[in-house]
Amino acid sequence: MSNLSNKLIDMAIITTSSGDNYEYNNLKKTIIHSYKAVPIAGMNYKELQGKKVSIKELMDYPMISLWHDTETYSYYRSFFADYGLEFNPAIETTSTGQILGYTKGNLGISFMHEREAEEAIKENKVFKIDLVEELPTRYVALVYNKNAEKKAVSVFLKLFLDYIK
């Protein structure tokens, strides 16, 4: 977001826990998708498969997350705090692809958009954990600098905004 505010980039696609569209200063946010993440684990954690597992029980296992300076990390830190728990992942990564790879490699438990993990689930490389608590809805949003509408990127931006409406 700081790159947008500092006009280093004109637009970004982000994940957020806020489902509100907004305009603030020169930035505009438009929600393009909503989803619920699912906890997943590699096959070495079969003791968690096929039963209801509480968020507190997950604390006994190593967690994998995006790095600490992301909205996603903050989201999970807040979710765990709501249950009086500290979110302290054993592994922090820079991409969801790495998270899935580490989870398939049995390095810990992670939370992912189910669609991202779908193939690995079908191939029995990971499985969904049936969580007792319900994870709040997450959103994917396009955030852009309104001044970008006046630049060359505006053709793409207009086409994209028309597509998602």
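- Tyr75 places a side-chain N or O within donor-acceptor distance of the main-chain N or O of Pro136, the cut-off being under 3.5 Å.
- The CG atom of Leu142 lies 6.0 Å from the CD1 atom of Ile32; values are rounded to the nearest 0.5 Å.
- For the atom pair CE of Met112 and CD1 of Ile64, the computed distance is 10.0 Å after rounding to the nearest 0.5 Å.
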Review item, side-chain donor-acceptor pairs of residues 95-104, under 3.5 Å, at least two apart:
from	atom 1	to	atom 2	distance (Å)
Ser95	OG	Gln98	N	3.1
Thr96	OG1	Glu116	OE1	2.7
Gln98	OE1	Thr94	N	2.9
Gln98	OE1	Thr94	OG1	3.1
Gln98	OE1	Ser95	N	3.3
Thr103	OG1	Ile99	O	2.8
Thr103	OG1	Ser110	OG	2.7

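- Residues meeting the side-chain contact (heavy atoms from CB on, under 4.5 Å) test with Ser18, sequence neighbours left out: Thr16, Asp20, Lys29.
- Alongside Trp67, the hydrophobic cluster contains no other residue (criterion: ILVMFWY side chains under 4.5 Å).
- The side-chain contact (heavy atoms from CB on, under 4.5 Å) search around Lys46 returns Met43, Gln49, not counting sequence neighbours.
- Summarising the geometry, atom CD1 belonging to Ile55 is positioned 4.5 Å from atom CZ belonging to Phe79; distances are rounded to the nearest 0.5 Å.
- Sorted by first then second residue, the salt bridge (Lys or Arg N to Asp or Glu O under 4.0 Å) pairs that include residues 126-144, not counting sequence neighbours, are Lys36-Glu134, Lys52-Asp130, Glu114-Lys128.
- Every pair passing side chain to side chain donor-acceptor pair (under 3.5 Å) that includes a residue from residues 76-93 is listed here, sequence neighbours excluded: His68-Glu92.
- The aromatic rings of Phe80 and Phe87 lie tilted to each other, with the angle between the two planes from 30° to 60°.
- The ring pair (Phe, Tyr, Trp, His ring centres under 6.0 Å) analysis of residues 114-138, with sequence neighbours excluded, yields no pairs.
- Tyr35 and Val38 are members of different hydrophobic clusters when ILVMFWY side chains are connected at heavy-atom separations under 4.5 Å.
- The only option from Val140, Thr15, Ile13 that meets the side chain to side chain contact (heavy atoms under 4.5 Å, CB included) definition with His33 turns out to be Val140.
- Considering only heavy atoms from C-beta on, Leu58 comes within 4.5 Å of Leu131 through its side chain.
- Under the side-chain hydrogen bond (donor to acceptor under 3.5 Å, both in side chains) criterion, Glu71 pairs with Ser17, sequence neighbours left out.
- Partners of Ser65 under the side-chain hydrogen bond (donor to acceptor under 3.5 Å, both in side chains) rule, at least two apart in sequence or in another chain, do not exist in this structure.
- Atom CG of Leu27 is separated from atom OH of Tyr144 by 10.5 Å, given to the nearest 0.5 angstrom.
- Glu57 is linked by a side-chain hydrogen bond (donor to acceptor under 3.5 Å, both in side chains) to Ser54, counting only residues two or more places apart in sequence or in another chain.
- For Ala12, the side-chain contact (heavy atoms from CB on, under 4.5 Å) partners two or more places apart in sequence, or in a different chain, are Leu4, Ile9, Ile14.
- Separation of atoms CG (Leu107) and CD1 (Ile91) is listed at 4.5 Å; rounding is to 0.5 Å.
- The side-chain hydrogen bond (donor to acceptor under 3.5 Å, both in side chains) search around Tyr61 returns Glu47, not counting sequence neighbours.
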